[in-house]
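Single-structure report; data block below.
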2 protein chains.
Amino acid sequence: MPKIVNHDQRRELLAEAAWRVIRREGLEGVSVRRVAEEAGMSLGSLRHYFVTQSELLAFSMQMVSDRVNQRIMKLAFNGNPRHDIEIVIRELMPLDEERRAEAEVWLAFSVRAQVDAALKELSQEVHGSLYDGFRKMIDMLVKMKLTPEDIDAEQETKRLHALVDGLVVHCVLNPERLDSDEIWRIVMYHLDRIIVNR
Amino acid sequence: MPKIVNHDQRRELLAEAAWRVIRREGLEGVSVRRVAEEAGMSLGSLRHYFVTQSELLAFSMQMVSDRVNQRIMKLAFNGNPRHDIEIVIRELMPLDEERRAEAEVWLAFSVRAQVDAALKELSQEVHGSLYDGFRKMIDMLVKMKLTPEDIDAEQETKRLHALVDGLVVHCVLNPERLDSDEIWRIVMYHLDRIIVNR
DNA sequence: TGTTTTTTAATACACATGTATTATTAAGAA
DNA sequence: TTCTTAATAATACATGTGTATTAAAAAACA
């Protein structure tokens, strides 16, 4: 029987190499040769795991979403709305190096998804999932009467969603002007204003 | 004497062609050949106006910023804070086709500026100018005592800035889920909450 | 009309790219 | 150890790219 290597693990290793190239040189710098070199592998080897460049890119994008989802599923929710909301949002923002890498790579893929049909579906799906997640947070707050009386759940959801993503984009594109501590403080500031203490 | 053409006008025509290519195929689709073809011009002609591709890209990015600034400078401010804030923000969001084109192109350039030193400066400069603009709006509101007492001007500025840009990004990347009417409604919703009527 | 100068067009070249093909290597079971 | 098969490496090819060079065309003034 043949030499056995963990196929999925190898694909993740290559996708991680792709992430590094994206962060360093942008998505337009991701040639199959460069990713193979970054992974310390030959072109032919890469091709055993990804037959086309499109496959490599789609997998690399999907991996961002998967990693974030995996972390969120492992979170220790305690039933306190403010706490549970905070720990979810924390997984979505570039507050440490791991999350920062994901945010940078995700932004690059999101922009490309505008003109690449193969990536569009995942982009839309994740946007929808995030909206649904934020919506659940807001609905929970409303249900527990922890919000001001005059709020509109849908508007509040879209506002929170846009604020979080806006902060992520600002932090990724202008880290000198807005560091990770600061964006987290602004999220706290916002939550302070939509969650009332009764 | 030679044939006379308006040099600057020609450069804008080429930059507009570049915008169209960016919107259709992404920034990675912008080769000098494709832009020349899109402008109905030969490669050699393009080269008379932009010696390198970098020049073309830098000019095309700068033109986004210039166009928005020009519109803002022509606005009819009337001294009513809410009105004046609204008409400025309206120029920054993809509420019609012209502004939508600018938003899409600007986002593409912003992401590339992360890995392209020639574009980084403008990206940062515009981010700073926007922050300063939003800061002036908030300061004006505070000065006129139109805000709740417990607000923090810096935090409110960053919140508004991130919210606006977050909505722009959402509308550009997911127009099916969030159209221009909706993002404007959310801006209004936010302003309703930071501007009190006394 | 003829002259001058800019604009335009055409071609060339070196290089990077995605993909395909072929030979070589390595690992595990008989 | 030997054999089988997957994994790896090397090479090839057509295409698109940025840039440079050279020839042709067009326009305005004398």
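Here is the naming used below: chain letters follow the sequence lines, and residue numbers restart at 1 for every chain. Computed from a prediction, not measured in an experiment: that's the story for all the values here.
A salt bridge links E28(B) with R112(A): at least one charged nitrogen is closer than 4.0 Å to a carboxylate oxygen.
In this structure, D179(A) and I183(A) have side chains that are not in contact, with every pair of non-hydrogen atoms separated by 4.5 Å or more.
For R10(A) and dA6(D), the CZ to P distance is 16 Å, given to the nearest whole Å. Rounded to whole Å, the distance from NE2 on H7(A) to C1' on dT5(D) is 14 Å. Taking atom CD on E28(A) and atom P on dG18(C), their separation rounds to 13 Å, with Å as the unit. Separating the CG atom of L57(B) from the C1' atom of dG18(D) is a distance of 12 Å, rounded to the nearest angstrom. What separates CG of L13(B) from C1' of dT8(C) is a distance of 15 Å, to the nearest Å. Here dG18(C) presents its P atom at 13 Å from CD of E37(A), a figure rounded to the nearest Å. Look at NE2 on H48(B): it is 15 Å from P on dT5(C), rounded to the nearest Å. Atom P of nucleotide dG18(C) and atom CG of L46(A) are separated by 10 Å, given to the nearest angstrom.
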N/O donor-acceptor pairs under 3.5 Å from side chains in residues 115-124 of chain A, not counting sequence neighbours:
unit_1: D116(A); atom_1: OD1; unit_2: A118(A); atom_2: N; d: 3.0
unit_1: Q124(A); atom_1: NE2; unit_2: E176(B); atom_2: OE1; d: 3.4
unit_1: Q124(A); atom_1: NE2; unit_2: E176(B); atom_2: OE2; d: 3.1

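F109(A) is linked by a ring pair (Phe, Tyr, Trp, His ring centres under 6.0 Å) to nothing, counting only residues two or more places apart in sequence or in another chain.
Put simply, the residue from H161(B), E156(B), K158(B) that forms a side-chain contact (heavy atoms from CB on, under 4.5 Å) with I186(A) is K158(B).
Applying the 4.0 Å criterion to OP1 and OP2 of dT7(C), one finds that S45(B) has every side-chain N and O outside that range.
For R47(A), the side-chain atoms get nearest to dT21(C) when compared with the rest of dT8(C), dT21(C), dT19(D).
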Hey, what are the protein-to-nucleotides 12-16 of chain D N/O distances that come in under 3.5 Å?
unit_1: dA12(D); atom_1: N6; unit_2: R33(A); atom_2: NH2; d: 3.4

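Counting only N and O atoms by type, the side chains of Y49(B) and E55(B) include no donor and acceptor under 3.5 Å apart.
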